[in-house]
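Here is the structure we will look at.
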Amino acid sequence: MSSQSPPALACRDVSVRYGDVAALSGVSVEFAPGLIHAVVGQNGAGKTTFARVAAGLVRPTAGTVEIAGQAIRTGHVRDSRAAGVELVHQSFALPPSFTIVEAMEFGAAGRGGFYSRKGLADKWRAHLAGLDIQVDPSRRIRDLPVETQQSIEIARALITDAKVLILDEPTAVLSPAGIETLFARVRRLKERGVTVILILHKIREVLGIADTITVLRGGRRIEGPVPAADLGAERLAALIIGDAARASEDRDALVGKGRPLAEPTAGQPGLAGRSPVLSMTAVTTAPDSEGAPLHDVGLIVRPGEVVGIAGVEGNGQKTLVRAIANLAALSGGTIALDGQDVTARSLAARRGAGLRIIPFERNVEGLSLTSSLWENWSARELLEGPLLKPVHPSRIRALCDRSLKDWGVHYHSPAQRAGSLSGGNAQKVILAREVDSDARLIIAAQPTRGLDIGATAFVWDSLRAARDRGAAILLISSDLDELFDISDRVVVMLSGRIAGEFAAPYDIQSVGAAMTGAGHAATGA
Amino acid sequence: MNDIVIAILRSGTPLVYVTLAGVIAQRAGVWNLGLEGLMIIGACATILGIMLTQSFVAAILIASLLCIAASVLLWFVIEKLKANPIIAGLGLTGLGIGGTALAVESIFGSQATVTAPFGVPRLGPAFGDYGVLSIFVAAMPFVVFAMWLLLRRSRFGLQLAASGEHPFAARGVGIEPARMRLVALAIGGVLCAIGGAELAGGSLQFFAQGMTAGRGFMAFAAVIFGASHPIGATLAAFFFAIAGALGIRAQLMFGDKVPHDLLQALPYLATIFGVWLSGKLGAANTAGAFGELKDQ
């Protein structure tokens, strides 16, 4: 690498403010051409904002962006793309109803004009083949598995002669094998001379692929780009987290060191003998539009046990939760809570039996953002009793106030709207509602997604505490480190079936193989 | 046989033009419930324009400009003032129905029907029985084809669909969804003006208050029934037109034996049936949240 050539991408004193919140403050950074760069930091560190500034999607309040030594107009996607910067978004950004070739075509350079279906397929077949993407180009985006969707997104980003490719959290939705494929692809792009900027938050992955590392924290550049070889995992974790109070514990979690459980529950005598809280036998759901149906799912969760559900997203995890919550129609099988058959019972009755759910989408299913905190909190109580039961708002407000204080929610009044809370605080409100002393089975669906490390640790501790009180926990997560860290058993789902069951110590290879269906006899340990 | 085909073409053509306006708006992400209002503005402006200028071309230009202006107003309210598109569309419909009545009242001092000296030019005797049809009927297949080409076989159509379906994806490649919606609504304005002109001047040559009588909403239903595809929606519009024509036939045949109101309600019943059917077939699932402009 010659030090003479200008940086592939350079930001100078870039600041982005959203109202009173500074997403980026005075970030200056230069990325040398032809390398794989990693930008790391916690949630809320400003990584995505940085990527969007470079791609022209966000106009910075101050500062300039240079591409290959040339300053570009900020906040103009066309200018950024013309200069060779392409961004692949964290949650994929292709219209679901488009076919693969249409997704290539709609953002292509030039005037376009009219096309025929066949002409379009011919035009892009070579491009896809050049990237080793073997897929029928007339398939629709919504029908593709996430891994293929991501390859298509990368292929879309490379339709122009991209010189700088930014991937925002590309590993978040992938299986371990998918991550390997992605990284191999990234290395091939580097050989072709593309400068790749990966936005990541897992230290293991960062150290495995990056040539240089840049650390963001609280919207500021803390370090970098420094050669990855100069940074160890410990040092990098310290840079990412800073001097937070719970730093050492959190750091272990971030590095992926499973800390020993307070007591060895996995082999605990007597646990296997206790009657299960949740027992699903041969559950099959009717196909619907909301996700992969379940096929012959048998699952048992005992009291005092955390069972993790692993799997690439979209393999029936949501349907599993909906089936337990009576939101999906069963075509076969039974579901029992505490030995009591609840297959035909309503969700309210199941909640009465101790079912609690921390849902996938906290801002959609978990909270009504436009309602007040006490209304959100009281939802549990309002479900019980007859419809015309009188409600005492002042009593609920007082109870809610006490409960939220116990859970350490930062808020100023129970009457404030739930939408005004940060992600971590919003999740605490849901925990305060769902994790009560009557909880028998707590379903925690992606409970830490989008939370920073402090809030993540809080959620984990709450789930552990509930387990120690004797509740059964079903944890659904796409983060294998999280699952391995707090689950007593991990069950892998694939295409709506149970594809394997694992106990600690977990072997990431065999769990990964079960997630993609590579291993047939996937019942490890 | 000819006369029933002519009747269907006469009642179906205005509906097709307005349906195409709904299709292009829907592709861009706007469920346009202002179609009814735009159509009646087009009808009224055409008749008044002919009376004032004595020129058909000038009248259709005036109607188009007014409908574009009303569409731009709708765009402004949705896009800049962030109003709910459904409410804004219904507001535009109210503005159209009330505004045309006010215009007639203030010019002529009465609410009576306004008759123009001539209507939309006819095809003429060279077309035999079909010579009584207007030039817009003859142009209709070409317009449908052009819209199909534009929406389904051009880069512009893909960019429009991306703006409607996934505005964030569109912005990610440098398209401005707001601008695409403006273009789509403006084109829709011209189509509604033609639809209104055909309704008031195609076979008739007068404007009466409320003469669209829910055809804009029927066009909206055709957009849903036709899964927002230009050709599918055109067929849906004709399905409604055929139901209407058969209703009139049945009236002549059965006379007083079947209640007159029931037969008149046939196209509307067909509309409900069509929307129900499209829901059954899952055709309406093409777009995202009903009436919401989503962005990330």
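First the proteins, then the strands, lettered A, B, ... as listed; each starts at 1. Predicted, not measured: the structure shown is a model, and the values here were computed from it.
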Is the ring centre of A:H89 less than 6.0 Å from the ring centre of B:F168?
yes
Chain B heavy atoms under 4.5 Å from A:S80: which part of the residue, side chain, backbone, both or neither?
neither
Do the numbers put A:K318 on top of the ring of A:F360, so that NZ or CZ is under 6.0 Å from the six-membered ring centre and no more than 45° off the axis?
yes
Surrounding CZ of A:R140 (heavy atoms of other residues, nucleotides or ligands, distance under 6.0 Å), is the total greater than 12?
yes
Side chain, backbone, both or neither: which part of A:L87 has a non-hydrogen atom closer than 4.5 Å to chain B?
neither
Is it true that B:R155 and A:E105 have a side-chain N and a carboxylate O under 4.0 angstrom from each other?
yes
Given that the side chain runs from C-beta out, which part of A:R156 has a heavy atom under 4.5 Å from chain B: side chain, backbone, both or neither?
side chain
May I ask you to name which of A:G107, A:G119, A:G113, A:A157 has the most heavy-atom pairs under 4.5 Å with chain B?
A:G113
Using non-hydrogen atoms and a 4.5 Å limit, figure out which bit of A:A103 sits close to chain B: side chain, backbone, both or neither.
neither
A:D122 bridged to A:R125 by N-O distance under 4.0 Å:
yes
